[in-house]
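The block underneath contains the structure these notes are about, expressed in structure tokens.
Note on naming: letters A, B, ... go to the chains in the order of the sequence lines (proteins, then strands), and numbering restarts at 1 for each one. Here the structure is a predicted model, which is why all the values come from computation and not from measurement.
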Number of protein chains: 2
Amino acid sequence: MAKKPLPKEKNIYETDCPILYAMKMIGQKWKLPILWYIADAENQTLRYRELERKVVGITATMLTKCLRELEQDKFITRKQYSTIPPTVEYSLAERGKTLIPALESVYQWADDQMKKENKIQTSDSLS
Amino acid sequence: MAKKPLPKEKNIYETDCPILYAMKMIGQKWKLPILWYIADAENQTLRYRELERKVVGITATMLTKCLRELEQDKFITRKQYSTIPPTVEYSLAERGKTLIPALESVYQWADDQMKKENKIQTSDSLS
DNA sequence: CGGCATCCACCTGGATACTG
DNA sequence: CAGTATCCAGGTGGATGCCG
């Protein structure tokens, strides 16, 4: 009985720091990649399978989970056509579009960094 | 014995998707907040305790862990003065500075979103 | 095609206590 | 002041199998 099992009320990390807010909203592994590929597509629209292929490494479970959450949070819109076989299209909703500038700066930064890393490695490896 | 315990080799999620690269590098809960407050400070420099106070909600354990990683990844520089009591200053390294534009668009987006949410709630709540 | 349900390994991050 | 050490709960995300 030396340790309290600590009940500890649920803290949704309420904060007024915008960066933390953003981390909470879109800070998981796959949300930005998904949004990025939708934003990057024709008409900012992609089907489920197209997403599964573009977002390399994601599993169906995670893709579905993220898509549901992004839909609930109004980042994307889901449109279902009752054809056989079924067709589902995901597109950027208004809120998703507001993210594009941020998405682009992050992409830009990361792309630069990756190129820099490669350059260092190549110039090293030809010695 | 119906289930394999799956040894499963360590996969560092190697990818060539820049967004995933960024998520891996700076996608944890506290790294961007920390970088943000350092970037925001006079001379882009803050002491340990100042950080602890500005990054509301972070614990010393997490702060130290993140600072070590950010230092290893060349985002920040640590300068120690052997005074009594000790003084340690964290500042943006070159690589950290390259992140500022992205940091700012994320901040900008999140700030807008938070204001929008508040506005909706206030106009609702005065009915 | 476009999912959902289940199960579980691992990682992130919080609590607590102690130190030079 | 500026940490370190230990412990552990809970969340994140992967694997697998099945369904309309």
Options C/dC4, C/dG3, D/dT4, nucleotide nearest the side-chain atoms of A/Thr64: C/dC4
Nearest-angstrom distance from the residue atom [atom1] of [X] to [atom2] of [N]:
| X | N | atom1 | atom2 | result |
| --- | --- | --- | --- | --- |
| A/Gln28 | D/dG11 | CD | C1' | 10 Å |
| A/Arg53 | C/dG3 | CZ | P | 14 Å |
| A/Arg68 | C/dG3 | CZ | C1' | 7 Å |
| A/Leu67 | C/dC1 | CG | P | 16 Å |
| B/Met62 | D/dT6 | CE | P | 16 Å |
| A/Lys65 | D/dT12 | NZ | P | 6 Å |

Does [N] have OP1 or OP2 under 4.0 Å away from a side-chain N or O of [X]?
| X | N | value |
| --- | --- | --- |
| A/Trp30 | D/dT12 | no |
| A/Arg78 | C/dG2 | no |
| A/Arg49 | C/dG3 | no |

What are the atom names and distances for every N/O pair under 3.5 Å that joins the protein to nucleotides 17-19 of chain D?
none

Candidates B/Gln108, B/Gln113, B/Lys115 - the one meeting side-chain hydrogen bond (donor to acceptor under 3.5 Å, both in side chains) with B/Asp111: B/Lys115
5′-ward residue of the pair B/Gly57/A/Arg47 relative to DNA chain C: A/Arg47
Heavy-atom donor-acceptor pair, B/Arg78 side chain to B/Val88 backbone, under 3.5 Å: no
First encountered from the 5' end of DNA chain D, between A/Ile58 and B/Pro86: B/Pro86
Sugar-phosphate, base or nothing in reach of A/Tyr90, heavy atoms under 4.0 Å: sugar-phosphate
